[in-house]
Amino acid sequence: MEPFTARVIEAIKHIPPGTVMTYGQIARIAGSPRAARQVARVLHSMSRNYQLPWHRVVNKDGKIMLSDPDQANMQQYLLESEGILFLQKGIVELAKYQYQTVT
DNA sequence: GAGCTGACGATCA
DNA sequence: CTGATCGCCAGCT
């Protein structure tokens with residue numbers, strides 16, 4: 001497995017309940033600030049093979065950007081279950097819930 | 001093995 | 001401010 005992938009997985013694993021992280025933020029932690037897309041790709045691939053809180057990952061707008069409506073709905077449901085309030089359909093209050101990386 | 005795709009993000013027009 | 005384009009590079013065909 002690529003180091004990048006391992007870092008992505010680890011970063012996601014460290015996201016506490018009730019908080020979220022952005023793809024770009026994870027990308028930075030993983031070592032590639034502009035590799036947000038790869039984070040998403042890794043996520044989509046790993047989430048079905050590893051037990052990851054992939055639902056705690058949203059884009060920089062705090063918005064769920066999943067292609068599958070069913071999964072997007074699932075993500076919102078899971079986040080709400082953790083106490084996260086949605087401003088709109090598929091949009092969380094990122095400024096309030098974004099996880100502060102410790103590095 | 002080579003090329004295409006894409007759960008994003010930043011910049012340009 | 002809104003819309004379109006480029007870059008990024010791991011994963012899939």
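Chain letters run A, B, ... following the sequence lines, proteins first and then strands; every chain starts at 1.
- The shortest distance between the side-chain N/O atoms of S67(A) and the OP1/OP2 oxygens of dG6(B) is not below 4.0 Å.
- Between the CZ atom of R28(A) and the C1' atom of dA10(B) there is a distance of 10 Å, rounded to whole Å.
- To the nearest angstrom, C1' of dA10(B) lies 13 Å from CG of N59(A).
- Taking atom OH of Y23(A) as the reference point, atom C1' of dC9(C) lies 17 Å away to the nearest angstrom.
- Residues L87(A) and V92(A) form no side-chain contact, since every pair of their non-hydrogen atoms from C-beta on lies 4.5 Å or further apart.
- Nucleotide dT11(B) holds its P atom 7 Å from the CZ atom of R34(A), rounded to whole Å.
- At a cut-off of 3.5 angstrom, the base of dG11(C) holds no donor-acceptor pair with the side chain of Q38(A).
- Look at NZ on K60(A): it is 10 Å from C1' on dT11(B), rounded to the nearest Å.
- For the pairing with I29(A), the side-chain contact (heavy atoms from CB on, under 4.5 Å) check across H14(A), E10(A), M21(A) returns one residue only, M21(A).
- Out of dC8(C), dG11(C), dA10(B), the shortest distance to the side chain of R37(A) is found at dC8(C).
- Comparing E2(A) and A36(A) by the nucleotide of DNA chain C whose heavy atom lies nearest to each, the residue mapping closer to the 5' end is A36(A).
- Each of dC12(C), dC8(C), dC8(B) was ranked by its minimum atom distance to the side chain of R41(A); first place goes to dC12(C).
- Taking atom CG on D61(A) and atom C1' on dG9(B), their separation rounds to 10 Å, with Å as the unit.
- Expressed to the nearest 0.5 Å, how far CD1 of I91(A) lies from CG of D61(A) amounts to 7.5 Å.
- Among the nucleotides dG11(C), dC8(C), dC8(B), the one closest to the side chain of V42(A) is dG11(C).
- Dashed line: the shortest gap from a side-chain N or O of S45(A) to OP1 or OP2 of dA10(C) is not under 4.0 Å.
- Within the 4.5 Å cutoff, side-chain heavy atoms of I64(A) are placed close to those of F86(A).
- Distance CD (Q25(A)) to P (dG9(B)): 10 Å, rounded to an integer number of Å.
- Looking at the side chain of A40(A), the nearest of the listed nucleotides dG11(C), dG9(B), dC8(B) is dC8(B).
- Considering only side-chain N and O atoms, K63(A) lies nowhere under 4.0 angstrom from the phosphate OP1 or OP2 of dC8(B).
- Protein atom CE of M46(A) is 18 Å distant from nucleotide atom P of dC9(C), rounded to whole Å.
- Across all strands, F4(A) comes closer than 4.0 Å only to sugar-phosphate atoms, never to a base (heavy-atom distances).
- Distances were taken from every side-chain heavy atom of M65(A) (C-beta onward) to each of dG11(C), dG9(B), dC8(B); the shortest belongs to dC8(B).
- Among Q75(A), E82(A), Q71(A), the single residue meeting the side-chain hydrogen bond (donor to acceptor under 3.5 Å, both in side chains) criterion with H55(A) is E82(A).
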